[in-house]
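For reference, the structure is listed below as structure tokens.
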Amino acid sequence: MAAEYRVSMANPKLKSVTKTPQDTKVIVSRKSAAAVRTAYSLAEREEIFRRFSVQRPEPRGELEHTNPFTLVVAVALSAQATDVGVNKATRALFKVADTPEKMLDLGEERLRDYIRTIGLYRNKAKNVIALSQMLVDQFGGKVPETRDELVRLPGVGRKTANVVLSMAFGQATMAVDTHIFRIANRIRLAPGKTPDEVEARLMKVIPKHYLYHAHHWLILHGRYTCKARRPECERCVIADLCKSPEKSWDVPAPLVELPPQMIGEAVE
């Protein structure tokens with residue numbers, strides 16, 4: 001699928017003029033417009049994710065967990081909260097309650113004491129106890145391995161289910177959080193009005209052999225480089241390929257493998 005675009009490359013350094021959205025054409029397939037809309041050709045998408053793979057060969061999620069159950073709990077607790085904040089609260093929690101049965105033994109009131117530093121902790125505590133009860137009653141205490149079953153759990157939506165399917169069960173999914181939603185629209189990789197729309201398009205436009213790690217690559221790129229308030233384009237390895245109207249730099253950062261991630265110590 002070919003992509004057409006017009007981007008001024010006369011000055012490879014800092015730009016004085018901000019491009020307008022009209023500077024880049026978004027190409028849409030006639031067969032499935034909603035699924036494959038993107039501003040990048042297949043070759044460009046291959047190169048984008050090739051560079052991400054060199055930069056972070058084995059990207060990982062930054063929520064601390066010990067098994068599928070603690071992962072479900074951690075992701076559910078992370079809604080409207082930072083990974084750093086969740087990790088601080090769950091380190092002690094998971095030492096005493098790392099299974100649905102232990103979580104039920106702990107009880108809602110004591111659970112609240114562990115997670116009260118997390119936003120919406122009262123409602124989240126209710127959901128964690130409820131999902132633990134459902135896991136015991138309906139799934140033999142095991143976390144299910146299908147999206148349809150996961151989203152039945154209290155406090156577990158599609159994004160949480162996708163994270164669990166990817167990190168716990170090795171499935172290629174796309175959990176669209178605020179970082180991925182922002183980047184998909186900002187750089188015109190897979191623009192969409194809703195997380196579900198962005199998810200469907202990303203699943204189509206990302207080369208299949210890069211899909212498994214793509215979720216983490218995009219989140220980490222958004223968290224540490226393509227930041228919400230001010231994208232750090234001078235530190236971006238895809239600066240020359242990026243078609244964001246907000247782009248301020250055309251020279252890609254050196255393509256080198258980054259130091260190993262320090263899980264639990266991420267800076268939000």
Side-chain angles (χ1 to χ4, degrees), residues 3 5 7 9 12-15 24 38-65 78 82-84 87 159 162-163 165-167 170-191 198-199 201-268:
Y5 61 98
V7 178
M9 297 292 286
K13 297 185 178 181
L14 192 65
K15 296 184 176 181
T24 302
T38 184
Y40 300 82
S41 68
L42 177 58
E44 289 169 330
R45 285 176 272 143
E46 285 275 355
E47 179 61 13
I48 286 171
F49 287 96
R50 183 194 72 81
R51 294 185 192 180
F52 285 158
S53 73
V54 172
Q55 189 179 48
R56 290 186 172 93
E58 295 292 333
R60 294 184 291 166
E62 296 185 324
L63 283 173
E64 296 176 4
H65 63 282
S78 71
T82 66
D83 288 359
V84 172
N87 289 338
K159 185 193 81 171
N162 281 339
V163 172
L165 290 174
S166 173
M167 294 178 63
Q171 298 183 31
T173 62
M174 183 57 59
V176 179
D177 68 349
T178 55
H179 294 299
I180 292 183
F181 187 79
R182 179 180 71 253
I183 288 176
N185 281 284
R186 174 185 275 168
I187 75 173
R188 300 186 164 205
L189 177 63
V198 168
E199 177 189 338
R201 288 174 174 164
L202 284 171
M203 293 296 288
K204 288 290 185 181
V205 304
I206 295 172
K208 298 300 182 185
H209 48 285
Y210 288 125
L211 192 55
Y212 177 67
H213 286 314
H215 161 247
H216 286 132
W217 283 326
L218 291 173
I219 286 178
L220 295 171
H221 186 64
R223 181 171 289 165
Y224 298 115
T225 303
C226 198
K227 299 178 179 179
R229 292 187 178 181
R230 190 189 77 82
E232 297 183 5
C233 300
E234 67 278 7
R235 298 179 55 243
C236 179
V237 296
I238 62 168
D240 55 327
L241 299 171
C242 178
K243 298 174 185 178
S244 169
E246 299 177 49
K247 185 172 74 169
S248 61
W249 196 261
D250 278 329
V251 179
L255 186 58
V256 295
E257 184 174 343
L258 296 177
Q261 288 173 246
M262 300 298 291
I263 304 302
E265 303 299 329
V267 177
E268 294 286 342

Item to check | Salt bridge R56-E257, side-chain N to carboxylate O under 4.0 Å | outcome: no
Item to check | K208 vs M203 side-chain heavy atoms within contact, under 4.5 Å | outcome: no
Checklist entry - Would a 4.5 Å heavy-atom cut-off, applied to side chains only, mark W249 and C236 as touching? => result no
Checklist entry - From S166 OG over to Y212 OH, what is the distance, rounded to the nearest 0.5 angstrom? => result 5.0 Å
Checklist entry - E199 and H215: side chain to side chain donor-acceptor pair (under 3.5 Å), yes or no, with the steps? => result CA-CA 10 Å; E199 177 189 338; H215 161 247; over 6 Å; no
Checklist entry - Taking all atoms of both residues into account, what is the closest heavy-atom pair of I180 and A175, and its distance? => result CD1-O, 3.3 Å
Checklist entry - Does S53 reach the side chain of W217, with side-chain heavy atoms less than 4.5 Å apart? => result yes
Checklist entry - At their closest point, which heavy atom of V198 faces which heavy atom of A184, and how far apart are they? => result CG1-CB, 3.5 Å
Item to check | The single option from R186, R188, R229 passing salt bridge (Lys or Arg N to Asp or Glu O under 4.0 Å) against E246 | outcome: R186
Next on the checklist: Could you go through R45 and V205, starting from their C-alpha distance and side-chain angles, then the distance that decides it, and tell me whether this counts as side-chain contact (heavy atoms from CB on, under 4.5 Å)?
Outcome noted: CA-CA 8 Å; R45 285 176 272 143; V205 304; 3.8 Å; yes
Checklist entry - Taking C-beta and beyond as the side chain, do R50 and Y210 meet within less than 4.5 Å on heavy atoms? => result yes
Checklist entry - So, the side chain of K247 versus the backbone of C233: is there a donor-acceptor pair under 3.5 Å, distance only? => result no
Checklist entry - With distance as the sole test, does T38 use its side chain to make a donor-acceptor pair with the main-chain N or O of L189 at under 3.5 Å? => result yes
Checklist entry - Any side-chain heavy atom of M174 sitting closer than 4.5 Å to one from I206? => result yes
Checklist entry - Looking only at heavy atoms, what is the nearest atom pair of D83 and L63, with distance? => result OD1-CD2, 3.5 Å
Checklist entry - What's the spacing between L220 CG and H213 NE2 if we round to 0.5 Å? => result 11.5 Å
Checklist outcome for this item: For R51, the side chain to side chain contact (heavy atoms under 4.5 Å, CB included) test, sequence neighbours excluded, returns E47, V237, I238, D240, L241, P252, L255
Checklist outcome for this item: OH of Y224 to CD of E232, rounded to nearest 0.5 Å, is 12.0 Å
Checklist entry - Within the distance-only criterion (no hydrogens, no angle test), does the side chain of R182 pair as donor or acceptor with the backbone N or O of G222 below 3.5 angstrom? => result yes
Item to check | Test side chain to side chain donor-acceptor pair (under 3.5 Å) applied to E234 - qualifying residues, sequence neighbours left out | outcome: R230
Next on the checklist: Minimum heavy-atom separation for E44 and S41, please, with both atom names.
Outcome noted: OE1-N, 2.8 Å
Next on the checklist: Any heavy-atom pair between the side chains of F52 and L218 that's under 4.5 Å?
Outcome noted: yes
Checklist entry - What heavy-atom pair brings I187 and Y40 nearest, and what distance separates the two atoms? => result O-OH, 2.6 Å
Next on the checklist: Please check: side-chain N/O of K227 versus main-chain N/O of H221, any donor-acceptor pairing under 3.5 Å?
Outcome noted: no
Checklist entry - Any Lys/Arg nitrogen of R223 or E62 sitting under 4.0 Å from an Asp/Glu carboxylate oxygen of the other? => result yes
Checklist entry - Does a donor on one side chain and an acceptor on the other come within less than 3.5 Å for H216 and E58? => result no
